[in-house]
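Below you'll find the structure, written out as structure tokens, and then a few comments.
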Amino acid sequence: MSADLIDGKAFAAGLRARVASHVPAFKAATGRTPGLAVVLVGDDPASAVYVRSKGKMTREAGMESLEHRLPADARQDDLIELVDQLNADPTVDGILVQLPLPRHLDAEEVLLRIDPEKDVDGFHPVNAGRLATGLPAFVPCTPLGCVMLLEDRLGDLSGLDAVVIGRSNIVGKPMAALLTARSCTVTLAHSRTRNLPHYLRHADIVVAAVGRADFVKGEWLKPGATVIDVGINRVDGGLRGDVDFESAASVAGAITPVPGGVGPMTIACLLRNTLVAAHRRESVPLDERAI
Ligand code: NAD
């Protein structure tokens, strides 16, 4: 292995500490702490683990975590009513509805119902549109974390060639928008892309968000490339990324491990977005770029 490891775990711990450091001043200015409401419907074990971990880290950052659980057979109307209540609650700055929802519920309607000013997941079309047009937006947490790791490693990204693999609304598309905003030349590859290695050969930055274990091979990469592996794939009881780590690490200049790379950044960015939402809602000044 010749690549440097990008330590997302350590970077995320630093980000959470920076978020926490701003909470006392917010409290002094407003008399309350920023509040994040997390809605969990049903009892999917993986979702329950994520929600627990979000609650714990929210509290550790000095913010308020409000957890709302609905049964697996909850009706769409119940969920919409809960979102409406959270929208109207002045102590709630961020609302997160844990996905996936049980199959009988319409996730799109629920996400559209969230007040865009409290949409700390950045999934509302208003925030997607704001990101696409360069307006201040809530950016989905995983791609935001990826761009933070890239800037920490590479500094100014301007002019670099980037390939994003995957075009989901949660990762791939906002990732491409963020890199475009930083003046990268971006190729957005997906399941219909012909000859992916052709594009990767020229890429200074590769972000893989495919959902297939070990999909990206080291021999496809440009020597020295910076590789961000978003994938979380459960294989034989262990976790693997979307990049074949062993072969990629012998060609890349730097690479995120799985686990310990992008994963920890997602919750840290959620806390960051909640802090930002609270300051914007209360008109308390905050240097958002410094967090
Ligand atoms: P998704 O299933 O919504 O999208 C996958 C994308 O991969 C699609 O756009 C598809 O076009 C593309 N794709 C599929 N096969 C391809 C191929 N052969 N060549 C090129 N592109 C191909 O997935 P998602 O929600 O974007 O998640 C992607 C991965 O990232 C998953 O492993 C997921 O678990 C992981 N993830 C991790 C975090 C985190 O916090 N680290 C957060 C979200 C998602």
Side-chain angles (χ1 to χ4, degrees), residues 5-13 15-16 38 44-47 49-54 57 96-101 107-108 111 120-123 128 131 138-150 162-179 186-201 203 205-217 219-221 227-236 238-245 248 255-273:
L5 270 190
I6 298 177
D7 188 346
K9 199 172 167 191
F11 191 94
L15 176 55
R16 292 198 307 272
V38 178
D44 176 63
S47 293
V49 170
Y50 285 134
V51 166
R52 246 199 319 279
S53 154
K54 283 167 186 170
M57 291 197 182
L96 180 154
V97 177
Q98 184 66 43
L99 300 178
L101 290 174
E108 201 172 316
L111 297 181
V120 286
D121 251 344
F123 295 162
L131 173 62
F138 287 110
V139 176
C141 301
T142 301
L144 180 59
C146 293
V147 89
M148 284 182 180
L149 293 178
L150 283 168
V163 174
V164 177
I165 316 172
R167 57 177 161 182
S168 70
N169 290 336
I170 294 174
V171 188
K173 277 187 211 150
M175 188 72 230
L178 284 168
L179 292 171
V186 181
T187 300
L188 183 54
H190 48 75
S191 53
R192 302 290 177 91
T193 297
R194 295 182 201 161
N195 201 352
L196 180 63
H198 164 78
Y199 297 99
L200 292 180
R201 204 169 297 140
I205 293 171
V206 176
V207 181
V210 186
R212 286 185 175 203
D214 302 333
F215 176 68
V216 177
K217 309 298 176 203
E219 62 263 29
W220 299 350
L221 300 171
V227 178
I228 304 290
D229 189 350
V230 181
I232 302 177
N233 305 290
R234 275 162 230 284
V235 178
D236 300 334
L239 286 188
R240 294 290 295 180
D242 288 343
V243 179
D244 175 33
F245 184 85
I255 185 167
T256 56
V258 178
V262 174
M265 291 299 293
T266 300
I267 295 184
C269 286
L270 175 67
L271 302 185
R272 182 245 175 230
N273 281 355

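Please read all numbers here as calculations on a predicted model, not as lab measurements. Read the numbers this way: they start at 1 and go in the same order the structure lists the ligands and their atoms.
Scanning all protein heavy atoms for the shortest distance to atom 31 (C) of ligand 1 gives Gly211 CA, 3.6 Å. The protein heavy atom nearest to atom 17 (C) of ligand 1 is Phe215 CZ, 3.6 Å. Scanning the protein for heavy atoms near atom 42 (C) of ligand 1, the closest one is Thr142 OG1, 3.2 Å. Shortest contact from atom 26 (O) of ligand 1 to any protein heavy atom: Ser168 OG, 2.5 Å. For atom 8 (C) of ligand 1, the nearest protein heavy atom (residue, atom name, distance) is Arg167 N, 3.9 Å. Protein heavy atom closest to atom 5 (C) of ligand 1, with residue, atom name and distance, is Val210 O, 3.3 Å. In this structure, the protein non-hydrogen atom closest to atom 16 (C) of ligand 1 is Ser191 CA, 3.6 Å. In this structure, the protein non-hydrogen atom closest to atom 21 (N) of ligand 1 is His190 C, 3.0 Å.
Here the side chains of Leu99 and Phe123 are in contact, with some heavy-atom distance below 4.5 Å.
Asn233 is linked by a side-chain hydrogen bond (donor to acceptor under 3.5 Å, both in side chains) to Asp242, counting only residues two or more places apart in sequence or in another chain. Partners of Asp244 under the salt bridge (charged side-chain N to carboxylate O under 4.0 Å, His left out) rule, at least two apart in sequence or in another chain, are Arg240.
Between Ile165 and ligand 1 there is a heavy-atom distance shorter than 4.0 Å. In this structure, Ala209 counts as a contact residue of ligand 1, since one of its heavy atoms falls inside 4.0 Å of the ligand.
One option in Val258, Thr256, Val230 has a heavy atom closer to atom 41 (N) of ligand 1 than any other, and that option is Val230. Residue Val171 holds the heavy atom nearest to atom 27 (O) of ligand 1 of all those in Ile267, Val171, Val262.
We find the CZ-CG distance between Phe245 and Leu5 to be 5.0 Å, quoted to the nearest 0.5 Å. Distance check: Ile255 CD1 to Leu221 CG gives 7.5 Å after rounding to the nearest 0.5 Å. Remark: Leu188 CG to Leu179 CG distance equals 10.0 Å, nearest 0.5 Å. To the nearest 0.5 Å, atom CZ of residue Arg16 and atom CE of residue Met265 are 10.0 Å apart. In this structure, the separation between OG on Ser168 and CE on Met175 is 11.5 Å, given to the nearest 0.5 Å.
Interface atoms of ligand 1 facing Gly166, defined by a heavy-atom separation under 4.0 Å, are 6 (C), 7 (O), 9 (O), 12 (C). Residue Gly263 has at least one heavy-atom neighbour below 4.0 Å for each of these atoms of ligand 1: 41 (N).
Within 6.0 Å of the CD atom in Glu108, the count of heavy atoms belonging to other residues, nucleotides or ligands does not exceed 12. The number of heavy atoms from other shown groups lying within 6.0 Å of NZ (Lys9) does not exceed 12.
Residue contacts with ligand 1 for Asn233 involve side-chain atoms from C-beta outward but no N, CA, C or O (heavy atoms, distance under 4.0 Å). Counting heavy atoms closer than 4.0 Å to ligand 1, residue Thr266 contributes side-chain atoms (C-beta onward) but none from N, CA, C or O. Under 4.0 angstrom from ligand 1, the non-hydrogen atoms of Ile232 come from both its backbone and its side chain.
The closest donor-acceptor contact from the side chain of Asn273 to the backbone of Val139 lies under 3.5 Å.
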